[in-house]
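Below is one structure, written out as structure tokens; the observations come after it.
We count ligands from 1, going down the list as the structure has it; atoms in each ligand are counted the same way.
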Amino acid sequence: MPIATMQTKNKDAFAVALEQATGRTVKRDVLLSQYNSLRVGGLADLFIEVCHEQELIGAVQLARRSEVPFLVIGNGTNLIFTDAGVRGLVIRNRADHFEIKEEYNMDSIWYVESGTLWGSLCREAAQLGWGDITWGISIPGSLGGAVVSNAGAHGGELDDVLVSARVLNTGNDIEDWPAARFKLAYRSSVLKAEGRRQISPPLIVTAVTIRLHRMDTVELQARMKQWQRDRIASQPAGKTVGSTFKNPPGDSAGRLLEAAGLKGYRYREVEFSPKHANFLMNLGAATYADVKRILSYAQETVWQKFGVRLEPEVEIVGEDV
Ligand SMILES: Cc1cc2nc3c(=O)[nH]c(=O)nc-3n(C[C@H](O)[C@H](O)[C@H](O)COP(=O)(O)OP(=O)(O)OC[C@H]3O[C@@H](n4cnc5c(N)ncnc54)[C@H](O)[C@@H]3O)c2cc1C
């Protein structure tokens, strides 16, 4: 039964069952703007944070069996919640255990839960002399979110190291998918929603397996420091989703936005950064309505001037009324 039509007592019963299944607290009417890097969005009816792969699996399985609409999020750095929010359950995935499963002379296979953040994985791998995922230090998201968009930076991307991933399918079964099955390409995969995210998506990534190679710790750490310096120099700090639009083939979204006169363009509380035109910034109390307006204005302007359709890199999540 969809949650919009659920009686309060059914919602309560579901929340109790979910707490029993996961051992975690279920919260009501949670403001989603806290859980995405642009700091925009309305309420989720129900909200839970899970910290182990088994809890993530349990939460999704129960939501599916109970026919409660659900959404799994990682660190909220590639999505924008709508002002109307999510009618259903938002599961924030913080399952962040990782370990070396197989170690050989020159390479190793790592099992990484999907809520793990790139920063902690990159630092640990470098510390132990395994690389090269130093580029991941620039990505503020989770490994699960990275499978969805084939995250990458500084010439590296997930596709370079991904061996396989565990997914929970619509039948509530776990499957091991080899990397090729995800059809990873520039900021896309079979899991990626182009524009708008479907609630209760068919596939949830619970963990990934990656292959790393023996490398020099000092060199890996120096590389990460360099990537961090480059980012500070080239990208604005603040409330943002990072790159708003994908780069069209052979061009860059930032260059097109700038050439269209949109670098520094502001609409109410949102602005294309004067430092990097493809970075949409929340200047204070932006709403999704502001975001929607400026995105379609930018797409229309670039289309009129250059005949290029800019596709969003970020996903829009939630009801849009
Ligand atoms: C300042 C800044 C810089 C950035 N730089 C880069 C960069 O250099 N390169 C780059 O590629 N990206 C970059 N990003 C974008 C973002 O960090 C990546 O896309 C990242 O992979 C998103 O991960 P996340 O955990 O935040 O995903 P979220 O934003 O939480 O989720 C994104 C989508 O994936 C889905 N999802 C999340 N976890 C799972 C899961 N376990 N199973 C199934 N679906 C899931 C969500 O439902 C949502 O639809 C940047 C973002 C910011 C804010």
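Among A165, G144, P202, A146, the residue whose heavy atom lies closest to atom 39 (C) of ligand 1 is G144. The closest heavy-atom contact to atom 3 (C) of ligand 1, among the options A151, A237, P140, G115, comes from P140. Scanning E53, H154, R231, R166 for the heavy atom closest to atom 8 (O) of ligand 1 points to R231. Of the options A95, S243, G152, S114, the smallest heavy-atom separation from atom 7 (C) of ligand 1 is shown by G152. When the heavy-atom distances from atom 47 (O) of ligand 1 to N78, V72, N36, I73 are ranked, the shortest goes to V72.
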Could you walk me through whether S234 and H276 pass side chain to side chain donor-acceptor pair (under 3.5 Å), step by step? CA-CA 7 Å; S234 63; H276 188 313; over 6 Å; no
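At a heavy-atom cutoff of 4.0 Å, ligand 1 is contacted by no atom of N150, backbone or side chain. For S149, every heavy-atom contact with ligand 1 shorter than 4.0 Å involves the side chain, none the backbone. When non-hydrogen atoms are compared, ligand 1 lies under 4.0 Å from the side chain of V148 (C-beta onward) but not from its backbone.
In this structure, K263 pairs ionically with E258, as a charged nitrogen and a carboxylate oxygen lie closer than 4.0 Å. One finds no salt bridge joining E313 and K246 here, because no Lys/Arg side-chain nitrogen approaches an Asp/Glu carboxylate oxygen to under 4.0 Å. Under the 4.0 Å criterion applied to side-chain N and carboxylate O atoms, E55 and R24 are assigned as salt-bridge partners. Using a cut-off of 4.0 Å between Lys/Arg side-chain N and Asp/Glu carboxylate O, E175 and R181 are scored as salt-bridged. Note on R166 versus D176: no salt bridge recorded, every NZ/NE/NH1/NH2 to OD/OE distance being 4.0 Å or above.
By the 4.0 Å heavy-atom criterion, L191 is excluded from the residues contacting ligand 1. The shortest heavy-atom distance from E157 to ligand 1 is not under 4.0 Å. Within the structure, ligand 1 has L203 among the residues with a heavy atom less than 4.0 angstrom away.
Within the listing of ligand 1, atoms 28 (P), 29 (O), 30 (O), 31 (O), 48 (C) sit less than 4.0 angstrom from a heavy atom of L79. Ligand 1 places these atoms under 4.0 Å from at least one heavy atom of V241: 51 (C), 52 (C), 53 (C). Short contacts between ligand 1 and S37, defined as distances under 4.0 Å to a heavy atom of the residue, involve ligand atoms 53 (C). Taking every non-hydrogen atom of I204 and a distance limit under 4.0 Å, the qualifying atoms of ligand 1 come out as 42 (N), 43 (C). Atoms of ligand 1 found under 4.0 Å from any heavy atom of R187 (numbered from 1 in listed order, with element): 10 (C), 11 (O).
Side-chain atoms of D45 never come within 3.5 Å of backbone atoms of R28 as a donor-acceptor pair (strictly under, hydrogens ignored).
The aromatic rings of W118 and W135 are tilted relative to each other, their planes meeting at an angle between 30° and 60°.
Put simply, V148 and V314 are part of two different groups of oily side chains (I, L, V, M, F, W, Y) that touch within less than 4.5 Å, one to the next.
The cationic atom of K27 (NZ for Lys, CZ for Arg) does not lie both less than 6.0 Å from the six-membered ring centre of F47 and within 45° of the ring axis.
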